[in-house]
Amino acid sequence: MLNKKQIRYCLDVMAEMFPDAKGELIHSNPFELVIAVLLSAQCTDKLVNKVTAHLFLKYKEPEDYLAVSLEELQQDIRSIGLYRTKAKNIQKLCKVLIDEYNGEVPRTKEELMTLAGVGRKTANVVASIAFGEPAIAVDTHVERVSKRLGICRWKDSVIEVEETLMRKVPREEWSVTHHRIIFFGRYHCKARNPNCLECPLLELCREGKKRVKNV
DNA sequence: CTCCCGATAT
DNA sequence: ATATCAGGAG
């Protein structure tokens, strides 16, 4: 397991590699962000952006998603995986926004997580990006990178990964840190054949050293 | 734990 | 062909 200083070093290296790390889901308000993040489950954000480019022209407000049939909404997001579940969740979510929140997106993680299709990760992303609240959303990349490097244990749950990161990183850096780890995972420490031989963090990466040995 | 699920990279 | 993609709910 890496200590606090080693983790700090990892994050600094990531910052140097990806100085412009930030969210890549295209949106123009909190509501669009919620929809985009919900759609992004098990799907690349690139594809989400392709779909929302059309989607957001047709659907501006929660009412618009309820004005069409479930089947029509499914067709409009069809090229994204899990589209039946996501279409259903979007309509449920929009109804709650209208009935409970006056058509606005709630600001707290707790409220966000009560919405259909919005779990811990999505709530953290929305709270962080739309409302500037410090948060570390643990997605597939953050989990994989944290476990490979030894920031946390292999068997840790996503909540434990999140808690470890929040403990080891100062609060004001949570949001940038989150994005840096994502970029590092997405473009460098990839799920399939990560290029450990050219990794600046190889020396302190337990998984990297193990992989290099097996080549 | 399983299911939802199309697009894309390898 | 198959693993993986800004996961969440039952």
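Excluded from the calculations below are hydrogen atoms, water molecules and symmetry mates; all remaining heavy atoms, backbone and side chain alike, are included. So that the names make sense, note that chain A is the first sequence line, chain B the second, and so on, each numbered from 1.
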Atom pairs and distances, donor-acceptor, side-chain atoms in residues 108-123 of chain A, under 3.5 Å, two or more places apart:
residue, atom, partner, partner atom, Å
Thr108(A), OG1, Glu111(A), N, 3.1
Thr108(A), OG1, Glu111(A), OE1, 3.0
Thr114(A), OG1, Glu111(A), O, 2.6
Arg120(A), NE, Glu162(A), OE1, 2.7
Arg120(A), NH2, Glu162(A), OE2, 3.3

**Prompt:** Lys88(A) near the nucleic acid: base, sugar-phosphate alone, or nothing, with a heavy-atom cut-off under 4.0 Å?
**Reply:** nothing

task = Can you tell me, in whole Å, how much space there is between the P of dA6(C) and that of dA9(B)?
result = 12 Å

When Gly81(A) and Asn193(A) are each assigned the nearest nucleotide of DNA chain B, the 5'-most assignment goes to Gly81(A)

Could you check if a side-chain atom of Lys213(A) sits within less than 4.5 angstrom of a side-chain atom of Lys210(A), using non-hydrogen atoms only?
no

inquiry  = With rounding to the closest Å, how many angstrom separate the P atoms on dC5(B) and dG10(C)?
reply    = 14 Å

For nucleotides 4-10 of chain C, 5' to 3', base contacts (B), sugar-phosphate-only contacts (S) and non-contacts (-) with protein non-hydrogen atoms under 4.0 Å give SBBBSS-

Do Tyr65(A) and Leu55(A) come within less than 4.5 Å of each other through their side chains, counting heavy atoms only? yes

Residue pairs passing the salt bridge (charged side-chain N to carboxylate O under 4.0 Å, His left out) test with at least one member in residues 8-22 of chain A, sequence neighbours excluded, are Arg8(A)-Asp12(A), Arg8(A)-Glu173(A)

Margin query: Under 4.0 Å between a side-chain nitrogen and a carboxylate oxygen: does that hold for Glu163(A) and Arg167(A)?
Written below: no

| query | Given the P atoms of dA1(C) and dC4(B), what is the spacing between them in whole Å? | reply | 23 Å

Given the options Ile181(A), Val158(A), Thr164(A), Val138(A) meets side-chain contact (heavy atoms from CB on, under 4.5 Å) only with Val158(A)

